[in-house]
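Report on the following structure.
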Amino acid sequence: MAPRPMIAGNWKMNGTKTMAIDLAQNLVARSKAAASVPRIALCPPAALLETVSRAVSGSPIVVGAQDCHPKDKGAHTGDTSAWLLKDVGCTYVIVGHSERRADHAETDAIVKSKAEAALAAGLTPIICVGETQSQRDAGKANDVVRGQILGSLPSSATATNVVIAYEPVWAIGTGRTATPNDVQDMHAVVRETFAKGRTDGADLTILYGGSVKGSNAKSLMSVPGVNGALVGGASLDAADFWAIIQSVA
Ligand code: PGA
């Protein structure tokens, strides 16, 4: 069965406490007034997780973090464990975002260990995959994404305890989006790779990410195999983010 659509907002390293409360309250009011809403997750910076978690409490909106450490606790200055994220109210955690893979040299093995930690803590990991422009130009997009999935997916992953986000790196924050045909092809690659040897592939939530906005959400979200969006820049604007939410409601 096709999963219930999901829209997640990745705020990245943006926001203040005041802005976070305003944005979260605005979206809570809209979601409470709406006839139907998809799954909605807000992923603010770590320092704002508890604030946003409090602001959305009692509403259909939940909170996700942008990263976690593979270990439960210990001498890892500056890191946050999946257990603590769960403790402060998170439901999801993004792992393996291309910015973390690039800025922090995160390999598939590291991403996998983070996803395993998330599952052990009772969080749903949103595992990000996607090719760079040069990989796509070299005709390697399918192989790169297949390899990332095989390397990053915990062995205990099921269609309902993880989410995969396909985010072509060249479409992130650039204003360029993949064509509906490319998105359909790549989501099929993701689903086939996940589904190999299992029967629950149709139930997996696969998000598209990369310059999704209110103005292009309808056409991207109607592509077969797309179950929602991981939204960066546009998730910082309540009206634009709400338009994306409505495109799948
Ligand atoms: P963008 O970012 O929507 O700003 O392109 C998406 C993401 O990085 O998750």
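When a ligand or atom number is given, it counts from 1 through the structure's own listing order. From a predicted model like this one, the values you see are computed outputs, not experimental measurements.
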Using distance only, find each side-chain donor-acceptor pair of residues 140-147 under 3.5 Å and give its atom names and separation, not counting sequence neighbours.
from: Asp143; atom 1: OD1; to: Arg146; atom 2: NH1; distance (Å): 3.1

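Residue pairs meeting the side chain to side chain donor-acceptor pair (under 3.5 Å) criterion with at least one partner in residues 210-224, sequence neighbours excluded, are absent.
Arg191 places a side-chain N or O within 3.5 Å of a backbone atom of Gly225 that can act as its donor or acceptor partner.
With 3.5 Å as the limit, one finds a donor-acceptor pair spanning the side chains of Ser152 and Arg101.
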Below 3.5 Å only, please: the N or O atoms of ligand 1 paired with protein N or O atoms, distance on each line.
from: ligand 1; atom 1: 2 (O); to: Lys12; atom 2: NZ; distance (Å): 3.3
from: ligand 1; atom 1: 3 (O); to: Ser211; atom 2: N; distance (Å): 3.4
from: ligand 1; atom 1: 3 (O); to: Gly232; atom 2: N; distance (Å): 2.8
from: ligand 1; atom 1: 4 (O); to: Gly233; atom 2: N; distance (Å): 2.9
from: ligand 1; atom 1: 5 (O); to: Gly173; atom 2: N; distance (Å): 2.6
from: ligand 1; atom 1: 5 (O); to: Ser211; atom 2: N; distance (Å): 2.7
from: ligand 1; atom 1: 8 (O); to: Lys12; atom 2: NZ; distance (Å): 2.7
from: ligand 1; atom 1: 8 (O); to: His97; atom 2: NE2; distance (Å): 2.7
from: ligand 1; atom 1: 9 (O); to: His97; atom 2: NE2; distance (Å): 3.3
from: ligand 1; atom 1: 9 (O); to: Glu167; atom 2: OE1; distance (Å): 3.3
from: ligand 1; atom 1: 9 (O); to: Glu167; atom 2: OE2; distance (Å): 2.6

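A perpendicular orientation is assigned to the rings of Tyr166 and His187, their planes being inclined by more than 60° (bins at 30° and 60°).
In the hydrophobic clustering (ILVMFWY side chains linked at under 4.5 Å, chained through shared members), Met6 is joined by Val62, Tyr92, Ile94, Ile126, Val163, Leu207, Leu230.
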